[in-house]
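Taking it in order: structure first as structure tokens, then the write-up.
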Amino acid sequence: MATFLFKTEPSEYSFAHLVRDKRCTWTGVSNPAARIALRQVKRGDRILIYHTGDEKAIVAEAKALTNAYADPAQPGLNDRGEVNFPVVDLAPVKLWATPITLAAIKSDARLKDFGLVKQSRLSVMPVSPQQEVVLNALSTGTKHNRIHA
DNA sequence: GCCAACGTTGGC
DNA sequence: GCCAACGTTGGC
């Protein structure tokens, strides 16, 4: 199972919307690098949800209900035989008690190569196993701090 | 196939 | 609101 991070502008479609909808099809990814990542998503993969704009934090996680597949509105393959406009269906898993802020991610040297830091416009990106370990630690770490505050 | 001009994203 | 860092477009 792999892990990915999906960005969204919460005023357009937030994790709360996904909870309300129970599932959604993640469409509209046009950036080529983001599409490369999106094509790799498989059913069961863990999807971290990042809110852009005022929030700038990983706020929740979801899971892929499907492999990446061609957007029915824009079917067809590209010249490399890949799905041209990939989409994937998601279901919510849980809202995190404490988001991991972009500031926290940027300030951690172990995440200096993370797509979120390196390429701020990238909207879908893989999370390597090593990066996921660090993010998991940041997530539980903040909760831990809260309990003891 | 280059590249200048323009458009977009998203952090600041 | 600004602008850096990309992408895209279209004239040549």
Side-chain angles (χ1 to χ4, degrees), chain A residues 2-21 23-42 45-64 66-143 145-146:
Chain A
T3 299
F4 294 85
L5 183 143
F6 286 13
K7 274 190 197 171
T8 184
E9 168 54 49
S11 65
E12 291 177 13
Y13 196 84
S14 69
F15 184 74
H17 290 118
L18 178 57
V19 170
R20 175 200 65 195
D21 295 343
R23 67 183 288 161
C24 77
T25 301
W26 204 265
T27 60
V29 175
S30 58
N31 177 284
R35 280 192 209 166
I36 288 169
L38 185 54
R39 286 188 193 104
Q40 297 167 358
V41 175
K42 303 289 188 206
D45 282 351
R46 186 185 187 207
I47 310 295
L48 307 182
I49 302 295
Y50 177 87
H51 281 177
T52 61
D54 292 339
E55 296 188 37
K56 291 191 281 293
I58 304 173
V59 297
E61 63 185 273
K63 66 179 174 189
T66 64
N67 294 350
Y69 63 98
D71 186 345
Q74 296 173 291
L77 305 180
N78 65 15
D79 53 15
R80 300 172 65 185
E82 301 163 331
V83 165
N84 204 9
F85 295 94
V87 299
V88 67
D89 291 359
L90 295 187
V93 173
K94 65 179 173 187
L95 183 69
W96 286 0
T98 44
I100 305 178
T101 65
L102 178 62
I105 291 165
K106 280 190 154 179
S107 67
D108 194 308
R110 295 169 296 177
L111 296 174
K112 67 177 169 49
D113 292 327
F114 189 29
L116 200 66
V117 175
K118 275 208 149 179
Q119 200 179 339
S120 66
R121 291 177 54 186
L122 192 59
S123 61
V124 177
M125 68 201 75
V127 179
S128 75
Q130 293 85 352
Q131 289 162 350
E132 186 173 12
V133 166
V134 175
L135 291 173
N136 287 342
L138 288 177
S139 171
T140 56
T142 42
K143 264 190 279 187
N145 290 342
R146 273 211 168 170

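Naming: A, B, ... by sequence-line order, numbering from 1 per chain.
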Salt bridge (Lys or Arg N to Asp or Glu O under 4.0 Å) involving A/Lys42 - partner list, sequence neighbours excluded: none
For A/Asp89, which residues count as a salt bridge (Lys or Arg N to Asp or Glu O under 4.0 Å) partner, sequence neighbours excluded? A/Arg23
Mind listing the side-chain donor-acceptor pairs of residues 29-38 of chain A below 3.5 Å, one per line with the distance, residues two or more places apart or on another chain?
unit_1: A/Asn31; atom_1: OD1; unit_2: A/Ala33; atom_2: N; d: 2.9
unit_1: A/Asn31; atom_1: OD1; unit_2: A/Ala34; atom_2: N; d: 3.1
unit_1: A/Arg35; atom_1: NE; unit_2: A/Val29; atom_2: O; d: 3.0
unit_1: A/Arg35; atom_1: NE; unit_2: A/Ser30; atom_2: O; d: 3.4
unit_1: A/Arg35; atom_1: NH1; unit_2: A/Asn84; atom_2: O; d: 3.2
unit_1: A/Arg35; atom_1: NH2; unit_2: A/Ser30; atom_2: O; d: 3.3

Who are the salt bridge (Lys or Arg N to Asp or Glu O under 4.0 Å) partners of A/Asp21, not counting sequence neighbours? none
Please find the earliest and latest nucleotides of DNA chain B, in the 5' to 3' direction, that have an atom within less than 4.0 Å of any heavy atom of chain A. B/dG7 to B/dC12
Salt bridge (Lys or Arg N to Asp or Glu O under 4.0 Å) against A/Glu61, all qualifying residues, sequence neighbours excluded: A/Arg46
What contact category does A/Gln119 fall into here, base, sugar-phosphate, or nothing, at under 4.0 angstrom with non-hydrogen atoms? sugar-phosphate
How is A/Lys106 classified with respect to the nucleic acid when contacts are heavy atoms under 4.0 Å: base, sugar-phosphate, or nothing? sugar-phosphate
